[in-house]
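Below you'll find the structure, written out as structure tokens, and then a few comments.
Being a predicted model, the structure only gives us computed values, none of them experimental. Numbers restart at 1 for each chain; the letters A, B, ... are given by sequence-line order, proteins then strands.
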Number of protein chains: 2
Amino acid sequence: MRAFAINKICLKDLSFEQAIDATARGGFHGITPWYDDVSHLSPSEARRLIADSGLTVSGFCNCGLYALKGKDGRRAAIDEAKRNIEYAAELGASSIVTVVGGLLPASKSLDEARDFAFDCLAETLEFARTTPVTLALEALHPMYTPDWSVVTSLATANDWCDRLGAGIGLAVDSYHTWWDPSVYAEIEKAGKKGRIATYHISDWLVPTNHILLDRGMPGEGIIDLAEFDTKVQSAGYDGPIEVEIFSERLWKLDPDQFLADLMKRCQSTYSG
Amino acid sequence: MRAFAINKICLKDLSFEQAIDATARGGFHGITPWYDDVSHLSPSEARRLIADSGLTVSGFCNCGLYALKGKDGRRAAIDEAKRNIEYAAELGASSIVTVVGGLLPASKSLDEARDFAFDCLAETLEFARTTPVTLALEALHPMYTPDWSVVTSLATANDWCDRLGAGIGLAVDSYHTWWDPSVYAEIEKAGKKGRIATYHISDWLVPTNHILLDRGMPGEGIIDLAEFDTKVQSAGYDGPIEVEIFSERLWKLDPDQFLADLMKRCQSTYSG
């Protein structure tokens, strides 16, 4: 049996405490909180709550978004990344999702944005190496380039990891990368380097009614998630399958019913 | 001075006859109609109307979308492509925009979809070669993979052109390809092969409120259209710059005011 984890964003409107209870009741194995979910608790308090519920810490969200406040915001962005990495370490997360950010404010230069993000990431990595936490660099779908990430393919993410060395790996996400003709070759490459730090899944709906907030549960959309999973497994990844769904539609459902449906879908999709 | 053309979709709610009048009044050089815009006219009638207004035929839309009605719809899709190519030829269009289609109905296999599209395209090309019309293969943004195109980068489009030989080139579109780290290298490659058949522009809005119908005029969004244009020009393309904007917002404007604003934006963006 595969282990499934819940990214807290799936249960956006629940408190952290409610979310771990619901996740445990739903039969999931782990939970990945965001910093804002747990910032009212010390890492050791949050860690104890998760352990007491019988869950594991499947990851932590997030660090990066370096461009958001411009070049002058670089120091603050890196300091925030360090704070979150430190929290993740004390929480016992083995990796932290790292999303590098999009264009700089009032700039249209992708080259500038890429150089800035890479540079900030390298500095963040120096700090992360002093902790047990791996940076899980996430390639986002190209439609998020302006706002969230100039890294839009596993090829680029692998290349950045090659250039940066130890302490950084990948967050492989089906939603962001399924369309890419090179995705399976890049998953294989990442596997050979022992680099797949975490693995997110959600499905692409047709139609997609919102660019960010209309993702689907496994089987609701058109991604061949079973085939995708075969490639991730073949690459040697044996950690949990983390469900990360941004969805206005699903957030409105009763959490227990949502999680029950989700678990059924996970088991049927990932039975192979 | 660069020449600007209007893709008829910019003026969706106008008849073809109204659209050519407005486009000519707006100082544009050419117009690219869709088959449905002109199907009430013979190609020679449509051709005369365009010439009488002082415009040129900047292109024709479109052929492809082979997967839309499934494998059983293959013959009908190719026959429709041939009909549109024939119309384009008699209209005097030098190229026809070619969008290869997405996933087959009830299938999640990208490999199957890619093979099917390539095969249909090859058959279409055999026919196109008997006409003066070049197939302008358009790579669409990856977010359109399921519905419209499994070709999502100029790298793939160039590769398909390499494999298919004479009679096929590229429709380069800023909106679909700007995010791609390899876009400028691929434009250069296409230029060396004399392969850029047509050139579409529109801008990426932040936020983008609809996946298909929320594109922007030059300068409204975050694409560095001037830099993009430099690369297209350096690659040897010297045809018109065709504005192709799908936008619920802009379709509501007064057409003459919209075109006046658009022309101003085109001249200021592409003055270099």
Side-chain angles (χ1 to χ4, degrees), chain A residues 67 102-114 139-153 155-157 159-160 174-184 203-214 216 218-228 269, chain B residues 67 102-114 139-153 155-157 159-160 174-184 203-214 216 218-228 269:
Chain A
L103 294 172
L104 286 153
S107 166
K108 295 183 176 185
S109 172
L110 279 164
D111 282 344
E112 186 185 26
R114 288 175 186 129
L140 298 198
H141 193 282
M143 67 189 177
Y144 303 120
T145 301
D147 326 75
W148 309 118
S149 179
V150 290
V151 173
T152 53
S153 70
T156 300
D159 175 54
W160 284 31
S174 62
Y175 188 84
H176 293 301
T177 62
W178 70 278
W179 56 273
D180 182 350
S182 74
V183 63
Y184 293 148
D203 211 343
W204 184 283
L205 301 179
V206 178
T208 289
N209 294 315
H210 189 282
I211 205 167
L212 179 62
L213 306 179
D214 192 29
E220 288 192 306
I222 50 70
I223 307 177
D224 192 339
L225 292 170
E227 185 190 25
F228 195 100
T269 302
Chain B
L103 294 173
L104 286 153
S107 166
K108 296 183 175 185
S109 172
L110 279 165
D111 281 344
E112 186 185 26
R114 288 177 186 128
L140 298 198
H141 194 281
M143 67 188 177
Y144 302 121
T145 302
D147 327 75
W148 308 117
S149 179
V150 290
V151 173
T152 53
S153 70
T156 300
D159 174 54
W160 285 30
S174 62
Y175 188 83
H176 293 301
T177 62
W178 69 278
W179 56 272
D180 182 351
S182 74
V183 62
Y184 293 148
D203 211 343
W204 184 284
L205 301 179
V206 178
T208 288
N209 295 315
H210 189 283
I211 205 167
L212 179 62
L213 306 178
D214 192 30
E220 288 192 306
I222 49 70
I223 307 177
D224 192 339
L225 292 170
E227 185 189 26
F228 195 100
T269 302

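- Expressed to the nearest 0.5 Å, how far CD1 of B/I211 lies from CG of A/N209 amounts to 9.0 Å.
- Considering CG of A/L110 and CZ of B/F228, their distance stands at 11.0 Å, rounded to 0.5 Å.
- The CD atom of A/E112 sits 10.5 Å away from the CG atom of B/D224 when rounded to the nearest 0.5 Å.
- If you measure heavy-atom distances from B/D180 to chain A, the contacts under 4.5 Å come from the backbone alone.
- Of all the listed residues (A/T152, A/D147, A/I222), the one sharing the greatest number of non-hydrogen pairs under 4.5 Å with chain B is A/I222.
- Put simply, the side chain of A/E227 does not reach to within 4.5 Å of the side chain of B/S109, judged on heavy atoms.
- Applying side-chain contact (heavy atoms from CB on, under 4.5 Å) to A/W179 and the options B/P146, B/S153, B/P142 leaves one that passes, B/P142.
- Residue contact with chain A, scored on non-hydrogen atoms closer than 4.5 Å, involves the side chain of B/W204 exclusively.
- The OG1 atom of B/T208 sits 11.0 Å away from atom OH of A/Y144, with the distance rounded to the nearest 0.5 Å.
- A/H141 and B/H141 make their closest contact through CE1-CE1, 3.9 Å (heavy atoms, listed as atom of the first residue, atom of the second, distance).
- Contact of B/S107 with chain A is not made at all, since no heavy-atom distance falls under 4.5 Å.
- Proximity to chain A (any heavy atom under 4.5 Å) is shown, for B/L212, by neither the backbone nor the side chain.
- For chain B, the option among A/D214, A/I223, A/T156 with the highest count of heavy-atom pairs below 4.5 Å is A/I223.
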